[in-house]
Amino acid sequence: MSDFIKIINVSEESYDTKSFEFRWDEKASPGQFIMAWVPGMEEIPMSLSRTNRIKSITVKAIGPDTRRLHELGIGDSIRIRGPYGKGFDIRKDRKTLIVGGGVGTAAVMPAIKETGADTIIGARASNDVIMDDIASKYVKNLWISTDDGSRGFHGNAVQLMKEKASSGEYDVVMACGPEIMLYHLHRACVDMGLDCQLSLERHMKCGAGVCGCCVMDDQRVCRDGPVFTRDQISAMKDFGVSKRDECGRIVRLG
Amino acid sequence: MTIDTCVGSLKLERPGIVASGIMDETGASIARMLSSGAGAAVTKSIGLQPNPGHRNPTFTEVKGGFVNAMGLPNPGIDLFKEEMGAAIAGGKVVGSIYGATASEFVTLAGKMEEYGATAVELNLSCPHAKGYGAEIGVDAALVKKIVSAVKSSVSIPVWAKLTPNTHMLKEVALAVQDAGGDAIVAINTLKAMVISPEFGKPFLSNKFGGLSGPAVRSVGVRAVYDIRAAVDVPIVGVGGISDWRDAAQYIMAGASAFQIGSAIATKGVKVFDSINKDLEDFMRDFGYSTIKDMVGVAHE
């Protein structure tokens with residue numbers, strides 16, 4: 001469960017986002033995550049952006065820990081634990097639409113590869129769009145949305161999803177992105193009678209279902225999730241509303 | 001034949017209890033554990049002030065179990081009122097508390113009683129929090145003072161959770177008995193360390209942590225056996241229990257009930273239901289009509 005991996009490749013996905021590839025024989029499924037640590041940082045959960053024998057994590061430099069990971073290069077080691085959590089439930093008989101928002105796109109990449117499903121990648125601006133080059137190799141229909149309209153659809157990924165799904169041809173939406181995006185996406189799916197599976201995020205410590213610090217209502221994001229079904233999410237009072245800090249105190253989402 | 005049991009005056013319909021620190025920081029999560037076949041659940045250890053705990057890394061798998069140094073994260077006793085409200089709706093909840101002095105324990109225990117706790121469990125045994133837990137729980141005189149003070153301030157049962165990281169276990173157990181403690185809970189985790197060879201550094205941010213899981217079970221069974229030989233206080237056994245056979249060992253060593261922690265992660269919340277069923281089968285096969293009939297039989 002815990003291992004040292006050596007980085008075999010680093011790719012720049014955008015001005016602030018890099019993918020780190022490594023060989024790791026542990027079996028992992030799309031939507032699962034690992035805990036990653038090197039000395040000088042706090043251990044953090046990272047979604048796997050590749051889940052074959054060659055695996056990868058995709059890191060956006062947004063804080064001290066992710067910036068520490070960005071210092072790493074080929075040949076450097078990372079201590080990882082996992083893979084953890086319940087990923088996407090991929091079924092061939094259901095027509096799927098995949099939505100990735102911002103760096104959340106990394107978490108849906110393995111599902112994109114496995115299903116070849118129609119995909120929306122949303123971002124703030126054209127230079128924030130990541131991994132569209134990889135996605136385009138696997139899917140027939142790839143649509144981009146940007147909040148500022150600098151590339152593709154002018155608007156957010158949920159607006160574009162509603163437009164694309166209005167035909168009724170999809171059975172399920174799989175998505176990962178900021179909670180505000182997922183919140184509206186979930187509401188849209190409920191309104192449209194469309195099923196969905198969303199990958200959620202909370203502050204994690206053990207990652208393995210022990211400590212209970214990442215719970216949303218009574219569900220552990222690390223173990224019962226991070227991918228939850230539409231109905232599980234409908235039952236969560238915390239979703240889109242509040243999270244717990246490292247003390248376990250309730251914090252309202254902004 | 002029945003698997004209900006008593007820890008002193010406290011009656012439990014089922015002998016398995018959720019150990020402190022496992023999925024028990026929030027009310028909803030505790031209520032979920034109680035609906036899974038546990039007879040009661042112990043809360044995360046709660047202190048006077050909100051505590052973020054240690055920085056990550058705080059946890060890792062090792063051969064035979066887990067090593068953790070969460071560092072007693074909790075929202076503080078005042079905010080915990082709301083969590084307790086949601087938790088006790090699901091069943092019996094034992095409030096775990098930690099403090100540095102007898103008066104801190106008294107304040108915390110009073111609040112837990114007010115919030116509806118079935119009992120309080122004094123954390124005298126956490127191996128990775130400076131000034132708390134095991135650092136005070138190996139001092140028999142201080143343990144006696146704390147347990148006496150809490151006993152005289154609340155009317156719910158007072159349990160003392162002890163550390164195996166001492167050669168003074170018998171003395172500490174006697175201190176609990178002298179102070180009128182209602183039960184001894186044994187054991188907490190074994191003080192431990194994990195080093196990452198590739199980096200030449202300890203893995204946990206706190207360097208030291210506590211080992212739990214199957215690796216500590218035989219230490220726990222021995223500790224319970226020693227405590228039973230030394231005192232008459234009811235015992236709750238904990239440490240590395242994941243099936244009926246583990247639970248039976250603790251009961252036969254002298255425990256009236258048992259707690260489960262790490263196995264909830266490895267086997268899932270259904271671990272209580274499966275132990276309850278298997279323990280009943282064992283009791284039927286071997287002619288034990290109650291848990292009480294099994295308690296301490298290994299001493300005879």
Side-chain angles (χ1 to χ4, degrees), chain A residues 1-6 26 34-46 64-65 75-84 86 202-224 235-238 242-251, chain B residues 18 21-33 35 44 46-47 49-63 66 68-76 79-80 82-83 86 90 194 196-205 212-213 261-266 268-269:
Chain A
M1 286 289 259
S2 70
D3 245 316
F4 278 83
I5 53 85
K6 265 199 163 61
E26 201 78 35
I34 59 167
M35 297 293 290
W37 175 78
V38 297
M41 66 177 280
E42 284 194 36
E43 189 188 38
I44 52 173
M46 292 296 318
D65 303 320
D76 287 336
S77 295
I78 306 178
R79 188 189 199 270
I80 58 172
R81 307 190 276 123
Y84 293 125
K86 189 173 69 57
R202 280 298 180 268
H203 183 76
M204 280 182 194
K205 290 180 181 176
C206 79
V210 183
C211 71
C213 87
C214 66
V215 289
M216 296 179 74
D217 294 70
D218 64 351
Q219 299 292 304
R220 297 163 293 179
V221 173
C222 72
R223 181 67 172 266
D224 302 305
M236 286 177 181
K237 291 195 289 284
D238 290 350
S242 61
K243 61 179 183 177
R244 303 241 174 205
D245 68 7
E246 56 271 69
C247 302
R249 291 175 294 198
I250 295 167
V251 180
Chain B
V18 180
I22 313 296
M23 282 182 69
D24 52 5
E25 196 167 86
T26 68
S29 174
I30 295 170
R32 175 183 176 190
M33 295 308 302
S35 66
K44 239 185 186 55
I46 307 298
Q49 301 299 329
N51 177 8
H54 297 311
R55 300 229 163 250
N56 280 349
T58 48
F59 173 94
T60 189
E61 294 86 354
V62 294
K63 289 176 193 128
F66 305 140
N68 89 83
M70 304 309 298
L72 301 171
N74 78 97
L79 285 175
F80 204 65
E82 198 182 327
E83 309 297 344
V194 174
S196 302
E198 287 82 349
F199 296 135
K201 289 183 189 317
F203 173 64
L204 299 171
S205 74
S212 64
S262 302
I264 294 171
T266 51
V269 295

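Residue numbering restarts at 1 for every chain, and letters A, B, ... go by the order of the sequence lines.
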**Asked** Counting only heavy atoms not in B:E198, do more than 12 fall under 6.0 Å of its CD?
**Response** yes

**Prompt:** Between B:S196, B:G261, B:P197, which shows the greatest number of heavy-atom pairs under 4.5 Å with chain A?
**Reply:** B:S196

**Pairs of heavy atoms under 4.5 Å with chain A: top-ranked of B:I30, B:I264, B:I22, B:L72** = B:I22

Could you tell me whether the side chain of [X] and the main chain of [Y] form a donor-acceptor pair under 3.5 Å?
X	Y	answer
A:R249	B:G76	no
A:K205	B:P57	no
B:R32	A:D218	yes

**Request:** Determine, for B:E83 against A:R244, whether the closest basic-nitrogen to carboxylate-oxygen distance falls under 4.0 angstrom.
**Result:** yes

**Request:** Answer yes or no: is there an ion pair linking B:R55 with A:D65, defined by an N-O contact shorter than 4.0 Å?
**Result:** no

Got a second to check how far [X]'s [atom1] is from [Y]'s [atom2], nearest 0.5 Å?
X	Y	atom1	atom2	answer
A:C206	B:N68	SG	CG	9.0 Å
B:E82	A:I250	CD	CD1	5.0 Å
A:R220	B:T26	CZ	OG1	11.5 Å
B:T58	A:E246	OG1	CD	11.5 Å
A:D224	B:S29	CG	OG	9.0 Å
B:Q49	A:C247	CD	SG	10.5 Å

Could you tell me which portion of [X] (side chain, backbone, both or neither) has an atom closer than 4.5 angstrom to a non-hydrogen atom of chain A?
X	result
B:S205	neither
B:F66	side chain
B:V18	neither

**Request:** Provide the closest heavy-atom pair for A:C211 versus B:K44 in the form atom of the first, atom of the second, distance.
**Result:** O-NZ, 2.6 Å

**Asked** A:R223 and B:T266: which non-hydrogen atoms are nearest, and at how many Å?
**Response** NH2-O, 4.2 Å

**Stepwise side-chain contact (heavy atoms from CB on, under 4.5 Å) check, A:R81 with B:F59** = CA-CA 10 Å; A:R81 307 190 276 123; B:F59 173 94; 3.1 Å; yes

**Item:** A:R79 to B:F199, cation-pi by 6.0 Å centre distance and 45° axis angle
**Value:** no

**Request:** Step by step, work out the side-chain contact (heavy atoms from CB on, under 4.5 Å) result for A:W37 and B:N56.
**Result:** CA-CA 9 Å; A:W37 175 78; B:N56 280 349; over 6 Å; no

**Prompt:** For chain B, which of A:I44, A:V38, A:V210 has the most heavy-atom pairs under 4.5 Å?
**Reply:** A:V210

